[in-house]
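A, B, ... follow the sequence lines: proteins, then strands. Residue 1 opens every chain. Keep in mind it's a predicted model, so treat the numbers as computed, not measured. As a basis for the values below, the full set of heavy atoms in this structure was taken, side chains included, without hydrogen atoms, waters or symmetry mates.
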Amino acid sequence: MLEEPKHEARRGLPDLDPPPGKVVMRFAPNPNGPPTLGSARGLVVNAAYVKKYGGRLILRFDDTDPGTKKPLADAYRWYLEDAEWLGFKPDETIYASDRLDRYYEVAESLLQKGKAYYCTCPKDWFKSYRDAGQACKHRDQTREENLQGWKEMLAGNVKEGEGVLRMKTDMNHPNPAIRDWVAFRVIKASHPRVNHKYPVWPTLDFESAVEDHLLGTTHILRGKDLADSEARQRYLYEDLGWKYPHTLLWGKITVHEFGKFSTSMLRKEIEEGKYVGWDDPRLPTHRALRRRGIQPRAIWNFMVQMGLGENDVSASLENLYAENRKLVDPQAHRYFFVADPVPIEVEGLKAKTAKVPLHPDHPETTRTLKTNGTVLLAREDWQGRKPGDRLRLKNLGNIEIKSTQPPRAAFTGEALDKELPIVHWLPQKENLPLKVVTPTGETEGRGEKGIETEVDKVVQFERYGFVRIDSAGEGGVVVAYFTHE
RNA sequence: GCUCCGGUAGUGUAGUUCGGUCAAUCAUUGGGGACUCUCAAUCCCCAGACACGGGUUCGAAUCCCGUCCGGAGCACCA
């Protein structure tokens, strides 16, 4: 008799409720810096739902503030590339900065309906009205006055900070964040895509609200920090008779190893030269992770595992590494890398050829190592040994240490003795200079010949860890980026 | 201060909608063992959690109240 499993644990992401037919979802970053692990969540979760239910997937650049959140020309491309890398294949890519005219139209119809107004209150002043739940004098202006102000804004006659278009919501709303929020403001800074063409830009709440409707978005996935947006935007939807999409929120994600970071902070530090670039292995950017040999599928699995909770999560990269190891271990070729090598003269070790499997699961495919009398051992493996100690040189034979001062040993035979500690090694003659770059520094050493053919592949340095071979050639040095153990 | 969220093992989760089948799932991590010419992988075993207090109930992780803790918003940022 078969035992029924007691619990059927749900796998992956929760079902959408109510169960939709086809969905339309979007990921909407502001390209003001490189995509990071944080963006990956949005990319993956949206893509995963569209994959599950079918429908349309949209990548939308919410690049509506050339002032304080100035978009970075390169970042558009980075998002496009990284989205695809992660498996987010957009059916459509939208640039908010291309669509200002549409937003202006909506603004105008709101103005016509008396649902928005032109306000010239200084922002501190307005804040005190808002906190007190009172309307400022502009709220009751006539339609003509509002339209006139709006026209002045568009004509470029209003200075930054001297006039905005406000949504008319409810000055007594219990949540002050909802009261008469700003829909458009004057920003004269140049925009990387449209330069100085537009003096008036919508706020995220406005732009995003309009786009979600225009694009037919069925489900919005957003961070908890944008939780109030729905309440704000619903006023606009009601004014225009639109139907608000379903929303799902997720909490803040912090990764232990990276701590708190923001795109703008990263961007600043990269520009300051604190990091070598946006793919510096210390950074939480996709490009850095990719360079380190993290597979996109590992990030995908990591994010799906995390689910969609509204509680804040503090994840460990260990979990990402575990996912990546599952992907990489079955196919990564094995090589010997000797960090900080010590040459050991081995008496009685004639010219020998060791055949070593490229992968333990496929012993038929081998690489070869040719020895002369001297082998290289990692300092870590050599240190602390005494004369008389015996070691197994993996896939080659056994040695007995004769002296540590001049490092010397004697070859004692090929027969495998399982009692001996196994170490990896390299022939002194045939090897390559090699450098491993890790998030905490660089390790120099020598690597097996053949590694130079694995550029861009993830390999495992036996008893050391997985690395991605970054480059080979220039200066004869092979550069590897450490992935994880 | 005001308005919202949320708190299940070290970490991430399942279960909470419709209380019992939960002496609480899965993964990761840690410990032990097997296997292995890698400190990888694989296999087996073990460890570890319902924030706290009260209430409702025959019965509460699940419902109610309170407390504590954490987070977010209250920008002419996204």
Side-chain angles (χ1 to χ4, degrees), chain A residues 4-12 14 17 28-32 62-65 67-71 119 121-123 126-127 130-131 133 160-166 173-179 181-187 200-201 203-205 207-208 222-229 231-232 249 251-254 256 262-264 301-302 304-307 309-323 325-326 328-330 332 334 336 354 356-357 359-361 392-398 416-418 420-424 460-466 484-485:
Chain A
E4 281 288 318
K6 260 188 168 180
H7 307 284
E8 184 95 9
R10 180 175 68 62
R11 292 244 142 256
D17 186 43
N30 175 21
N32 66 331
D62 284 350
D63 53 349
T64 56
D65 184 358
T68 58
K69 285 282 170 84
K70 196 183 197 65
C119 175
C121 291
K123 71 177 161 184
F126 187 84
K127 178 176 162 53
R130 184 187 49 220
D131 291 347
E160 284 189 26
E162 298 195 348
V164 298
L165 194 73
R166 266 180 209 291
H173 194 285
N175 183 353
I178 310 305
R179 299 171 190 165
W181 48 276
V182 173
F184 287 86
R185 73 296 210 208
V186 175
I187 300 173
V200 176
W201 290 87
T203 56
L204 175 76
D205 274 316
E207 175 268 342
S208 164
R222 56 164 65 118
K224 222 169 47 169
D225 53 328
L226 260 27
D228 289 338
S229 284
R232 279 195 281 254
L249 301 176
K252 196 181 63 177
I253 160 170
T254 315
H256 297 326
S262 72
T263 309
S264 0
N301 293 344
F302 177 67
V304 166
Q305 243 180 45
M306 203 122 57
E310 278 189 48
N311 49 332
D312 300 329
V313 300
S314 177
S316 168
L317 238 29
E318 284 300 333
N319 292 281
L320 211 212
Y321 293 160
E323 290 300 329
R325 196 175 295 116
K326 288 178 198 166
V328 133
D329 184 77
R334 268 57 173 174
F336 290 159
V356 191
H359 193 286
D361 294 346
R392 170 73 182 179
L393 303 181
K394 189 167 187 274
N395 297 291
L396 183 70
N398 313 317
L416 177 61
D417 180 348
K418 296 202 175 188
L420 301 183
I422 295 165
V423 297
H424 59 280
Q460 189 203 47
F461 288 164
E462 298 199 37
R463 307 206 309 131
Y464 183 82
F466 293 91
H484 47 65
E485 291 191 344

By the Watson-Crick or G-U definition, both distances under 3.5 Å, B/A34 is matched with B/U42
Confirm from the modelled atom types if A/K69 and B/C77 form a donor-acceptor pair under 3.5 Å, side chain to base only.
yes
Taken to the nearest whole Å, CD/A/E318 to P/B/G10 is 16 Å
Query raised in the report: Just checking A/N395: base, sugar-phosphate only, or nothing, at a heavy-atom cut-off of under 4.0 Å?
Result: base
Would the distance check show the side chain of A/R334 and the main-chain N or O of A/P357 forming a donor-acceptor pair, the cut-off being under 3.5 Å? no
Under a 3.5 Å limit on both distances, the Watson-Crick or wobble mate of B/A49 is none
- Query: Between A/K252 and B/G71, is there a side-chain N or O to OP1/OP2 distance below 4.0 Å?
  - Reply: no
Notebook entry, point to check: Think A/K224 has a side-chain N or O under 4.0 angstrom from the OP1 or OP2 of B/G73?
Noted result: no
### Message
Does A/S314 reach a base, just sugar-phosphate, or nothing at all? Heavy atoms under 4.0 Å.
### Response
sugar-phosphate
Check: Taking the same atom, P, in B/C74 and in B/C18, what whole-Å distance lies between them?
Finding: 34 Å
Across every strand shown, the nucleotide meeting Watson-Crick or G-U wobble geometry with B/C4 (both distances under 3.5 Å) is B/G71
Identify whether any heavy atom of A/N311 sits under 4.0 Å from a base atom; if not, whether one sits that close to sugar-phosphate; answer base, sugar-phosphate or nothing.
sugar-phosphate
Looking only at B/A27, B/C76, B/A78, the nucleotide nearest the A/Q305 side chain is B/A27
Taken to the nearest whole Å, CG/A/L317 to C1'/B/G12 is 13 Å
Separation between CG (A/L317) and NE2 (A/H484), nearest 0.5 Å, reads 9.5 Å
- prompt: Less than 4.5 Å apart, any side-chain heavy atom of A/K224 and any of A/D312?
  reply: yes
Given 3.5 Å as the limit, does a donor-acceptor pair link the side chain of A/H424 with the main chain of A/K394, or not?
no
Inspect the surroundings of CD in A/E485 and state if more than 12 heavy atoms from other residues, nucleotides or ligands are less than 6.0 Å away. no
Here the distance between atom P of B/G73 and atom NE2 of A/H173, to the nearest Å, is 17 Å
As its Watson-Crick or G-U partner within any shown strand, both distances under 3.5 Å, B/C58 has B/G20
Considering every strand and a 4.0 Å limit on heavy-atom distances, what is the contact class for A/D225: base, sugar-phosphate, or nothing? base
Any donor-acceptor pair under 3.5 Å from A/R185 side chain to A/G161 backbone: no
*asked:* Over all strands shown, is A/V164 touching base, sugar-phosphate only, or nothing at heavy-atom distances under 4.0 angstrom?
replied: base
In whole angstroms, the gap separating C1' of B/A78 from CG of A/L249 amounts to 16 Å
Looking for any heavy atom pair under 4.0 Å, which part of the strands does A/L420 touch: base, sugar-phosphate only, or nothing?
-> nothing
Taken to the nearest whole Å, CD/A/E310 to P/B/G12 is 16 Å
Of the candidates B/U3, B/C37, B/C77, the side chain of A/T203 sits closest to B/C77
Result for 5'-nearest mapping on RNA chain B, choosing between A/P174 and A/G161, is A/P174
From CZ of A/R179 across to C1' of B/G73 the rounded distance in Å is 13 Å
- prompt: A/A315 near the nucleic acid: base, sugar-phosphate alone, or nothing, with a heavy-atom cut-off under 4.0 Å?
  reply: sugar-phosphate
Margin query: Checking the side chain of A/H359 only, and the main-chain atoms of A/D329 only, is there a donor and an acceptor separated by less than 3.5 Å?
Written below: yes
Against the side chain of A/L416, the closest entry in B/G73, B/C37, B/A27 is B/C37
A/E207 atom CD is separated from B/C77 atom P, nearest whole Å, by 13 Å
Walking RNA chain B from its 5' end, the first of A/A177 and A/S229 to be reached, judged by nearest nucleotide, is A/A177
Separation between CG (A/D228) and CG (A/N175), nearest 0.5 Å, reads 5.0 Å
Taken to the nearest whole Å, CZ/A/F461 to P/B/U38 is 18 Å
Practice item. Report which part of the nucleic acid A/T263 touches: base, sugar-phosphate, or nothing (heavy-atom distance under 4.0 Å, all strands). Key: nothing
Notebook entry, point to check: Counting just side-chain N and O atoms, does A/R232 come under 4.0 Å of either OP1 or OP2 of B/C4?
Noted result: no
Phosphate contact (B/U29 OP1 or OP2) by A/S316 side-chain N/O below 4.0 Å: no
Protein-nucleotides 39-43 of chain B N/O pairs under 3.5 Å:
unit_1: B/C39; atom_1: N4; unit_2: A/R463; atom_2: NH1; d: 2.5
unit_1: B/C39; atom_1: N4; unit_2: A/R463; atom_2: NH2; d: 3.2
unit_1: B/A40; atom_1: O4'; unit_2: A/Q460; atom_2: NE2; d: 3.2
unit_1: B/A40; atom_1: O2'; unit_2: A/D329; atom_2: OD1; d: 2.9
unit_1: B/A40; atom_1: N3; unit_2: A/R334; atom_2: NH2; d: 3.1
unit_1: B/A41; atom_1: O4'; unit_2: A/D329; atom_2: OD2; d: 3.1

Paired to B/U11 by Watson-Crick or G-U wobble criteria (both distances under 3.5 Å) is B/A27
For A/I187 and A/D65 the tightest heavy-atom approach is CD1-OD1, 3.2 Å
